[in-house]
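What follows is a single structure, written as structure tokens, with notes after it.
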Protein chains: 2
Amino acid sequence: MTVKLLVTDDHAIVRRGLQALLEAQGGWHVCALADNGRAAVNLATEHRPDVAILDYSLPGLNGLEATRQMRLASPGTEVLIYTMHNNEDVIRDVLRAGARGYLLKTEDDAEVVRAVQALLRKQPYFSPQVAETLLDTFLSGGKVVASQTLSSREREVIQLVAEGKSNRDIADRWQVSVKTVESHRTAAMRKLNLHSGVELALYAVRNKLIEP
Amino acid sequence: MTVKLLVTDDHAIVRRGLQALLEAQGGWHVCALADNGRAAVNLATEHRPDVAILDYSLPGLNGLEATRQMRLASPGTEVLIYTMHNNEDVIRDVLRAGARGYLLKTEDDAEVVRAVQALLRKQPYFSPQVAETLLDTFLSGGKVVASQTLSSREREVIQLVAEGKSNRDIADRWQVSVKTVESHRTAAMRKLNLHSGVELALYAVRNKLIEP
DNA sequence: TCGCGGACTAGGGAAATCCCGACCCTCTCC
DNA sequence: GGAGAGGGTCGGGATTTCCCTAGTCCGCGA
């Protein structure tokens with residue numbers, strides 16, 4: 001019985017690298033490659049892979065939304081998030097959305113194999129650095145900072161706004177009304193006591209929600 | 001005569017992907033892999049590769065500094081920057097530092113091969129998306145020294161906007177019309193090729209115009 | 001001296017934003 | 001099961017920002 005894998009990343013070289021790595025394992029086969037979240041969901045529905053590897057930052061449909069939809073469309077597929085963000089809030093969001101593994105791209109690539117093996121055994125998997133982060137949070141009693149009271153949409157909108165995206169850009173990406181985006185943006189700003197997109201961007205960089 | 005290549009990236013999977021891709025080309029050999037800028041310079045000095053592929057965001061020594069030092073330590077090595085940043089300033093900086101190729105990770109991976117081929121022929125190479133960016137800059141008058149040609153009012157307005165001040169705040173502080181402030185702001189944004197207050201704020205933090 | 005370019009000052013109109021309220025859905029708690 | 005809280009989705013309307021044009025002033029080189 002061969003293991004079927006779906007690989008999703010917007011960088012072609014990462015797809016190629018993952019494919020080479022995974023197919024070097026006996027009995028593993030990459031049945032589909034996707035460069036965006038929408039295609040990943042469609043391909044998962046079609047091929048029913050055992051494990052789907054998803055980047056978090058994806059064009060069109062991000063890793064969070066893709067995870068949600070994939071869990072619905074193909075419940076037998078375990079989702080492994082493979083990303084560069086070691087951010088507690090992001091981790092919580094995707095795990096709640098149904099992902100069972102979370103792996104950082106800075107880890108050794110042997111971790112990818114370990115992660116897929118764990119998910120095939122129906123066990124959750126976290127890369128060492130992520131485990132550290134989760135442990136810190138656990139030990140510190142899960143402190144409720146302002147950013148933790150933000151909803152997923154609110155956190156996402158902050159990141160996108162702080163990347164320079166306009167409300168219209170985000171609305172197109174999410175396939176919702178500009179008004180909806182504005183609502184999330186406004187709600188986030190109210191919670192954080194911010195009063196303009198500029199302040200929002202500064203908040204994001206100061207709190208490491210985006211890279212400097 | 002085999003071609004010697006150096007691959008540098010902080011993500012193991014990207015290194016693996018590049019290695020698999022490049023060694024599939026006849027006569028090409030990846031003689032060294034590095035996960036940071038310092039190691040890349042040392043390995044280039046030792047192995048004298050024909051082409052070095054460098055990420056821009058690297059721990060320790062970033063792609064810019066690594067390029068400079070590598071050009072000094074191994075002048076025969078052509079440097080190809082392989083990164084996710086389609087940013088005009090970054091492109092200009094690394095090209096001035098001696099890089100001869102600039103390729104985005106979002107491009108098809110066949111572009112990597114084309115880029116290396118070009119550099120082996122001692123020709124510069126830019127990926128399609130980067131060429132677009134450079135062309136836009138060229139057509140818009142090549143305002144490459146924009147940051148130096150900002151007037152004092154323009155620099156001031158950038159700092160104030162990036163501190164979260166609104167145009168009205170600044171107008172009150174300066175005792176001029178809001179329209180005047182907007183003009184300076186717009187002029188600064190035009191020179192810097194920015195298109196919103198958020199982008200202006202990000203520019204300011206990235207260029208250390210304000211404290212983190 | 002005269003034109004020229006750049007800085008500083010504005011206005012008009014279009015576009016994007018911000019704030020308020022509304023509706024529906026889900027989840028929790030009593 | 002009903003009430004309430006919170007999230008996601010939009011519309012209306014005021015406000016702010018964005019872009020283009022334009023007038024004035026000043027320094028500088030032909």
Side-chain angles (χ1 to χ4, degrees), chain A residues 61-62 64-65 67-69 71-72 89 92-93 96-98 144 146-204, chain B residues 136 140-143 145-204:
Chain A
L61 196 67
N62 70 13
L64 181 59
E65 272 302 320
T67 299
R68 267 193 208 109
Q69 298 191 16
R71 292 297 297 165
L72 291 175
D89 300 319
R92 187 173 48 250
D93 281 349
R96 281 186 182 155
V144 179
S147 67
Q148 293 187 345
T149 68
L150 291 175
S151 72
S152 304
R153 279 302 210 204
E154 287 159 1
R155 207 154 30 238
E156 288 180 80
V157 86
I158 290 177
Q159 291 189 359
L160 292 169
V161 167
E163 285 170 11
K165 306 279 191 301
S166 71
N167 288 345
R168 167 143 303 285
D169 293 335
I170 300 170
D172 290 344
R173 168 183 293 232
W174 286 353
Q175 294 291 316
V176 298
S177 158
V178 173
K179 287 301 189 180
T180 302
V181 178
E182 289 172 0
S183 291
H184 293 305
R185 183 173 173 155
T186 304
M189 292 197 304
R190 185 163 26 79
K191 287 182 180 177
L192 298 171
N193 196 31
L194 306 174
H195 304 88
S196 75
V198 173
E199 289 186 23
L200 194 58
L202 295 172
Y203 172 86
Chain B
D136 287 347
S140 68
K143 314 203 170 72
V145 286
S147 54
Q148 275 82 14
T149 67
L150 288 176
S151 73
S152 56
R153 277 300 211 207
E154 287 158 1
R155 238 187 321 275
E156 285 180 80
V157 86
I158 289 176
Q159 291 190 4
L160 291 169
V161 167
E163 285 170 12
K165 305 280 191 301
S166 72
N167 288 343
R168 169 149 306 284
D169 294 335
I170 301 170
D172 291 344
R173 169 185 294 230
W174 286 353
Q175 291 294 314
V176 297
S177 159
V178 172
K179 285 300 188 180
T180 302
V181 178
E182 289 173 1
S183 291
H184 292 304
R185 182 175 174 155
T186 304
M189 291 198 302
R190 185 165 28 79
K191 288 181 180 178
L192 298 171
N193 196 28
L194 307 173
H195 304 88
S196 74
V198 173
E199 289 186 23
L200 193 58
L202 294 173
Y203 172 88

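For the numbers below, each heavy atom of this structure counts, side chains included, while hydrogens, waters and symmetry mates do not.
- Closest approach of Leu194(A) and Glu199(A) over heavy atoms only: CA-OE1, 3.4 Å.
- Applying the 4.0 Å criterion to OP1 and OP2 of dT16(D), one finds that Ser196(A) has every side-chain N and O outside that range.
- As rounded to whole Å, 13 Å separates atom P of dC18(C) from atom CG of Leu192(A).
- Checking dG8(D), dC10(D), dT17(C) against every side-chain atom of His184(A), the shortest atom distance belongs to dG8(D).
- Here dG8(D) presents its P atom at 18 Å from CD of Gln175(A), a figure rounded to the nearest Å.
- Here the side chain of Thr180(B) is nearest to one of dT17(C), dT9(C), dT9(D), namely dT9(C).
- Comparing Arg153(B) and Met189(A), the nucleotide of DNA chain C nearest to each residue sits closer to the 5' end for Arg153(B).
- In terms of heavy atoms, Ala162(B) sits closest to Val198(A) at CA-CG1, 4.2 Å.
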Mind listing the side-chain donor-acceptor pairs of residues 182-190 of chain A below 3.5 Å, one per line with the distance, residues two or more places apart or on another chain?
{"unit_1": "Ser183(A)", "atom_1": "OG", "unit_2": "Lys179(A)", "atom_2": "O", "d": "3.1"}
{"unit_1": "Arg185(A)", "atom_1": "NH1", "unit_2": "Asn167(A)", "atom_2": "OD1", "d": "2.5"}
{"unit_1": "Thr186(A)", "atom_1": "OG1", "unit_2": "Glu182(A)", "atom_2": "O", "d": "2.7"}

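- In this structure, CZ of Arg190(A) is placed 11 Å from P of dG21(C), rounded to the nearest angstrom.
- OP1 or OP2 of dT17(D) sits under 4.0 Å from a side-chain N or O of Asn167(B).
- One interatomic measurement links the two molecules: CZ of Arg168(B) to C1' of dC18(C), which rounds to 15 Å at whole-angstrom precision.
- If you check every strand for non-hydrogen atoms under 4.0 Å, Ser177(B) touches sugar and phosphate atoms only.
- If you check distances only, the side chain of Ser183(B) does reach the base of dA10(C) with a donor-acceptor pair under 3.5 Å.
- Distance His195(A) NE2 to dT17(D) P: 14 Å, rounded to the nearest Å.
- Atom NZ of Lys165(A) and atom C1' of dT17(C) are 18 Å apart (whole Å).
- Protein atom CD of Glu154(A) is 6 Å distant from nucleotide atom P of dG7(D), rounded to whole Å.
- Contact detail for Leu202(B) and Ala201(A): the closest heavy-atom pair is CD2-CB, 4.3 Å.
- In this structure, the nucleotide among dC19(C), dC18(D), dA7(C) sitting nearest to the side chain of Glu182(B) is dC18(D).
- What separates CD of Glu199(A) from P of dT17(D) is a distance of 11 Å, to the nearest Å.
- Of all nucleotides listed (dT9(C), dC18(C), dT17(D)), dT17(D) comes nearest to the side chain of Arg185(B).
- Atoms CG and CG, from Leu150(A) and Leu192(A) in turn, are 5.0 Å apart once rounded to the nearest 0.5 Å.
- A donor-acceptor contact under 3.5 angstrom links the side-chain atoms of Lys179(A) to the base of dG13(D).
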